[in-house]
Amino acid sequence: MGWTQIVTWLLVIAGWLLVNHQNNIREKRKEIRTILDKIQSLLDEIEIQAVNYHTARNPATWLFN
C-alpha cells in the first residue's frame, strides 16, 4: 500500500467523521426546536386560560367548568 492510498483513506475517514459530527449537531438542534415548540404551545394555552379566568364574570366558578 503506497502513501497515496494511506492519504486517501485518511481523507475519507476524516470527511466521514466531519459529516457525522455535523449531522449529530443538526439532529440535536431539531430535537431542541421540537421541545421549544411544545413549550411555546403550552405557554400559549396557559395565556388563553389566564385571560379567560381574569375576564370571567365569576372566576371562582370558572375553575370548575
Side-chain angles (χ1 to χ4, degrees):
M1 182 182 292
W3 68 273
T4 55
Q5 287 180 326
I6 293 172
V7 170
T8 300
W9 277 108
L10 288 175
L11 288 173
V12 168
I13 293 169
W16 179 83
L17 289 172
L18 178 65
V19 169
N20 184 45
H21 178 69
Q22 290 174 339
N23 285 340
N24 289 341
I25 291 172
R26 187 183 71 239
E27 288 300 317
K28 177 76 92 179
R29 277 195 322 258
K30 286 168 67 175
E31 291 172 5
I32 291 171
R33 190 177 330 118
T34 300
I35 292 169
L36 289 174
D37 288 343
K38 288 180 184 179
I39 290 171
Q40 183 63 51
S41 295
L42 290 172
L43 289 174
D44 290 343
E45 182 62 32
I46 290 171
E47 179 184 13
I48 290 168
Q49 290 180 9
V51 168
N52 288 340
Y53 174 78
H54 288 289
T55 58
R57 290 182 188 254
N58 189 356
T61 60
W62 181 83
L63 292 174
F64 302 107
N65 291 336

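Note that the coordinates shown come from a computational prediction; the quantities given were computed from them, not determined experimentally. For reference, positions follow the sequence shown, starting with 1.
- Applying the 4.5 Å side-chain rule to ILVMFWY residues, one finds Trp3, Val7 in the same cluster as Leu11.
- Hydrophobic clustering, defined by side-chain heavy atoms of Ile, Leu, Val, Met, Phe, Trp and Tyr closer than 4.5 Å, groups Ile13 together with Trp16, Leu17.
- For Ile6, the side-chain contact (heavy atoms from CB on, under 4.5 Å) criterion is met by Met1, Leu10, not counting sequence neighbours.
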Point to revise | Stepwise side-chain contact (heavy atoms from CB on, under 4.5 Å) check, Asn23 with Arg26 | key: CA-CA 5 Å; Asn23 285 340; Arg26 187 183 71 239; 2.9 Å; yes
Name the atoms and distances for all side-chain donor-acceptor pairs under 3.5 Å in residues 27-42, with sequence neighbours left out.
unit_1	atom_1	unit_2	atom_2	d
Thr34	OG1	Lys30	O	2.9
Gln40	NE2	Asp44	OD1	3.0
Ser41	OG	Asp37	O	3.1

